[in-house]
Amino acid sequence: MEGSGALLGRPESYTVHLANFEGPLDLLLHLIRRAEINIYDIPIAQITEQYLEIIQDLSTVDIDRASEFLVMAATLLDIKSRMLLPRPPRITEELPEEEPQDPREELVRQLVAYSQYREAAEALRELEQKMARIYTRGFFCEEVQGPPPLQGLTLEDLVRAFQEVLREEWNWREVPREEIPLREKVREISFLLSRSPGGLRFRELFTRGGSRREVVVTFLALLELIRQRRAVAVQERLFGEIWIRPAGSEPEGAISAGVQGEDQTEGGAGELPAER
Amino acid sequence: MIWKHGTAILEAILLASPEPLTIRRIAEVMGLEEREARILMEDLRKQYDQPGRGLCIREMAGGYVLTTRPEYAEYVERLLQPKSRGLSHAALETLAIIAYRQPITKPEIEAIRGVKVDRVVEMLLERRLIREVGRKDAPGRPVLYGTTQEFLQYFGLRDLSELPPVSLDTSDAGLILKRREGEERSSRVG
Amino acid sequence: MIWKHGTAILEAILLASPEPLTIRRIAEVMGLEEREARILMEDLRKQYDQPGRGLCIREMAGGYVLTTRPEYAEYVERLLQPKSRGLSHAALETLAIIAYRQPITKPEIEAIRGVKVDRVVEMLLERRLIREVGRKDAPGRPVLYGTTQEFLQYFGLRDLSELPPVSLDTSDAGLILKRREGEERSSRVG
């Protein structure tokens with residue numbers, strides 16, 4: 001345990017064990033508190049040095065945690081080097097009141113947020129301790145005798161339900177597509193579209209339903225609507241959200257990947273950007 | 001503390017006790033003679049015998065329990081009755097699958113039902129109809145679910161072997177069952 | 001029956017209820033208006049506030065629970081195995097983040113804590129202190145987590161609004177936060 005720490009050859013007035021820290025932020029907060037410095041004006045060189053010194057101890061924590069400490073070390077070194085650079089001249093075209101960014105800013109923000117939740121955790125600890133002294137009902141006889149809340153269900157119901165499951169599985173195998181209520185789905189989607197002039201998220205259409213069959217039906221129904229020029233699919237950014245909008249409602253300036261409303265041809269439906 | 005707060009302490013441990021509380025145990029916990037514990041218990045029982053109380057202390061299985069008065073049983077029953085009338089169709093189906101195919105994982109149930117079952121499984125767990133019975137030796141080590149004692153009790157089954165055999169009403173049904181079993185888990189036969 | 005035996009019936013169903021008993025449920029079971037149920041509860045609470053009682057009625061997780069008084073914890077602990085040690089520091093930290101920021105995803109929690117939270121989240125799920133509440137509409141559709149009724153009960157909270165206020169000593173921090181958001185947005189548009 002002591003091994004790597006001893007290599008430093010500097011006897012510390014008190015020992016800091018890496019394993020005692022929840023993570024890099026915990027350690028940093030400790031160093032900041034110890035040095036009694038303002039969190040908004042961290043002497044980054046000094047703190048970085050102390051941080052690096054302590055994580056010499058890295059062998060005492062497991063590999064995952066070790067990497068978390070290392071990532072922070074890299075961040076600190078990066079901030080330190082950026083602090084040394086002269087500040088770039090202000091570019092006036094950008095937001096006028098904006099000051100040049102302090103390299104520490106992001107880290108400080110993270111530290112402040114983290115310390116707030118640590119405080120919250122402390123408050124929860126107090127409640128926990130208070131509640132540890134309070135007990136609720138132990139033994140209660142009515143409860144033991146009573147059936148689980150399942151009024152009015154019989155074994156036959158259960159058997160029938162399983163039979164239905166089996167039948168479903170059978171249908172799945174033997175009749176894959178014949179019973180697809182495509183027309184119904186088309187109606188459903190166009191109804192939804194008519195009520196959402198802003199459009200629907202492509203993904204939403206799929207999470208709402210469920211079964212694989214329904215996914216296929218939904219997809220086919222969408223293609224049908226697009227083919228009939230009643231809907232357009234719009235993707236504003238590469239890999240961004242795909243929107244299904246009622247045809248003609250497409251906002252100006254949106255770059256639509258895939259299908260445009262006006263010059264839609266039948267073949268165009270195939271270009272609907274594929275998820276994944 | 002003991003004498004001044006005697007019945008109060010006794011009341012507290014009586015509520016919290018996970019089993020009927022014996023005089024011996026009371027004496028032990030409170031550091032009293034059994035004789036003294038018995039006196040305290042008598043005092044507390046008298047407090048509960050006042051009119052206007054909804055609870056009483058009953059002797060049971062060699063100990064004492066805090067319980068509701070029989071004259072209010074009607075309300076207690078109404079409270080403990082399910083809020084909802086039963087299980088939704090989705091829940092029933094999921095329960096049936098778990099009953100007949102246990103132990104089974106969520107992804108396996110989802111493969112059969114074709115929909116996400118997180119919420120339904122959650123609800124069945126809450127109602128104690130199913131429980132986690134282990135983890136499958138597969139990637140991600142998914143939780144395996146099975147039915148509970150309460151499940152058996154509710155359906156009046158002694159054990160799972162008493163679950164009625166299920167087949168489709170056509171002769172093909174058994175075939176399907178077999179084929180699926182054969183495909184997915186070579187060893188298990190429903 | 002109801003008015004004469006009101007608090008008695010209430011006392012009975014309060015003991016019998018397996019979960020915090022809501023005013024609404026009381027009204028339902030007793031066939032009262034919620035307003036009336038509330039009055040009865042106040043009466044019953046007053047009865048329990050007498051000296052010499054070992055029990056009290058506590059409001060938590062949206063309902064009322066009959067519990068032991070904290071001052072007799074020592075004896076109850078002697079009777080039961082003491083409650084399991086509290087949550088680990090890591091668990092409490094993670095739970096605090098989830099409680100104050102719900103619904104929240106694992107990556108978001110990790111961004112705040114600066115460490116991986118898979119194991120802690122798994123454990124909190126197992127203890128039912130948190131649950132999956134949905135999926136975020138973001139790449140990968142990560143699971144969103146929130147706290148449960150059990151969470152409220154565990155910490156003795158009536159509802160989430162009773163979470164201890166966190167001293168946001170952030171006149172400056174808020175400023176920093178805002179500026180960053182502005183930056184991000186402007187760079188994305190540009």
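Order of the sequence lines fixes the chain letters, A, B, ..., with proteins taken first and strands second; residue numbering starts at 1 for each chain.
Residue K106(C) places its NZ atom among more than 12 non-hydrogen atoms of other residues, nucleotides or ligands, all under 6.0 Å distant. Sparse packing is recorded around CZ of R101(C), with 12 or fewer heavy atoms of other residues, nucleotides or ligands lying under 6.0 Å away. By the 6.0 Å contact criterion, CZ on R82(A) is enclosed, its count of non-hydrogen atoms from other residues, nucleotides or ligands being greater than 12.
Between the OH atom of Y114(A) and the CD1 atom of I97(C) there is a distance of 7.5 Å, given to the nearest 0.5 Å. Note that OH of Y135(A) is 9.5 Å distant from CG of L79(C), once rounded to the nearest 0.5 Å. Between the CD1 atom in I134(A) and the CD atom in Q153(C) there is a gap of 12.5 Å [rounded to 0.5 Å]. Note that CG of L127(A) and CG of L163(C) are 8.5 Å apart. Values are rounded to the nearest 0.5 Å. Taking OG1 from T136(A) and CG from L55(C), the interatomic distance works out to 11.5 Å, rounded to the nearest 0.5 Å.
A donor-acceptor pair is defined here as one N or O able to donate and one able to accept, closer than 3.5 Å; such a pair exists between the side chain of E128(A) and the backbone of L87(C). Using modelled atom types, no side-chain atom of R113(C) and backbone atom of G23(A) make a donor-acceptor pair closer than 3.5 Å. In this structure a side-chain-to-backbone donor-acceptor pair under 3.5 Å is missing from E22(A) to H89(C). Looking at E93(C), its side chain never comes within 3.5 Å of a backbone N or O of Y117(A) through a donor-acceptor pair.
Looking at every heavy atom in both residues, R137(A) comes nearest to L15(C) through NH1-O, 2.6 Å. Contact between F155(C) and M131(A) at its shortest, heavy atoms only, is C-CG, 3.5 Å. When all heavy atoms of A121(A) and A96(C) are compared, the pair lying nearest together is N-CB, 3.8 Å. Contact record, T68(C) with R133(A): OG1-O, 4.1 Å, taken as the closest heavy-atom pair.
Only the backbone of S88(C) comes within less than 4.5 Å of a heavy atom of chain A; no side-chain atom from C-beta onward does. Proximity to chain C (any heavy atom under 4.5 Å) is shown, for Q129(A), by neither the backbone nor the side chain. With a 4.5 angstrom heavy-atom cutoff, A99(C) does not touch chain A via any of its atoms. Interface remark: R135(C) contributes no atoms to any contact with chain A (heavy atom separation under 4.5 Å).
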